[in-house]
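Quick caveat, the model's predicted, so the values are computed rather than measured. Just the heavy atoms: all of them, side chains too, but no hydrogens, waters or symmetry mates, feed the values below. Every number for a ligand or one of its atoms is a count from 1 in the order of the listing.
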Amino acid sequence: MSLEIWTVSGAPSPWRAALGMAFKGLDYNVNLLSAAQKEHKSDAYLAINPRGTVPTVKNGDTTLSQSVAILAWLDREYPAAPLFGDSPQDAGLIWQRTMEIFDYLPDTTSGILSPIFFQGIGEATDELKVASERLQDELAHLTGILVDAPFLSGARPGAADAVAFPHVRLIQRAMETKPEIMRALGLPDLATVSGEIADWVQRIEALPKVAETFPPHWAEAA
Ligand SMILES: N[C@@H](CCC(=O)N[C@@H](CS)C(=O)NCC(=O)O)C(=O)O
């Protein structure tokens, strides 16, 4: 059996699944699809994922989509280094945080990233300022967790970290590559917005195998 993931460079949902595999120290093969060439809508890909979304993960007879379902499956298939904790209490709390992040964080980060990267907006419009305030509220929520623990999932990296990290790292990427507009939106760098979140990002990035999950096109642009 070999573990495989289908992904698009820079897409946050497959990045979550890859982080789950990295936190567990797993090896896996990457099938990189080109969104520009609509490879995620090809007949071959629709045969394994009829919605044409990423991620899909395959392992022997198991084929799965939906990043959070993949994290839950990984924990049952590869129980070492649990992503959802050791005890019922830990599992409940990590699921609560995972779903809260899933429900609230992606909309607030795409409220900034879509206008800047996909619509080419280069100035701090009123709409973007509102989006920035919403994002800062959500980041404050993450900061509140990280004041008490090194990871969003507690003492160890887990599902809540895997779901949140890509979205926060994409915001940090915008701070690095679009500094003027991000500064104008009150988002100059992560350490200014939240020292706890900046430290958490560094902690995650220092973990084994996490570097392999980063969008390949970032390395090409460097
Ligand atoms: N809730 C799903 C979201 C999957 C999803 O929408 N992925 C995006 C990339 S982050 C995608 O495939 N977009 C292309 C499309 O919807 O056509 C998950 O967590 O896996």
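- In summary, the side chains of Glu4 and Asn31 do present a donor paired with an acceptor at a separation below 3.5 Å, with no hydrogens or angles considered.
- Panel note: side chain Lys41, backbone Gly52; a donor-acceptor pair is recorded below 3.5 Å.
- Side chain of Ser110 to backbone of Leu113: no donor-acceptor contact under 3.5 angstrom is found.
- At a threshold of 4.5 Å between non-hydrogen side-chain atoms, the residues Phe84 and Asp90 do not count as touching.
- The closest side-chain donor-acceptor pair between His141 and Arg97, if any, does not fall under 3.5 angstrom.
- Note on ring orientation: taking the six-membered ring where Trp is involved, the planes of Tyr45 and Trp6 are tilted (angle from 30° to 60°).
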Which N or O atoms of ligand 1 sit under 3.5 Å from a protein N or O, and how far apart is each pair?
{"unit_1": "ligand 1", "atom_1": "1 (N)", "unit_2": "Gln66", "atom_2": "OE1", "d": "2.8"}
{"unit_1": "ligand 1", "atom_1": "7 (N)", "unit_2": "Val54", "atom_2": "O", "d": "2.9"}
{"unit_1": "ligand 1", "atom_1": "12 (O)", "unit_2": "Val54", "atom_2": "N", "d": "2.8"}
{"unit_1": "ligand 1", "atom_1": "17 (O)", "unit_2": "Lys41", "atom_2": "NZ", "d": "2.7"}
{"unit_1": "ligand 1", "atom_1": "19 (O)", "unit_2": "Arg16", "atom_2": "NH1", "d": "3.1"}
{"unit_1": "ligand 1", "atom_1": "19 (O)", "unit_2": "Ser67", "atom_2": "N", "d": "3.4"}
{"unit_1": "ligand 1", "atom_1": "19 (O)", "unit_2": "Ser67", "atom_2": "OG", "d": "2.6"}
{"unit_1": "ligand 1", "atom_1": "20 (O)", "unit_2": "Ser67", "atom_2": "N", "d": "2.8"}

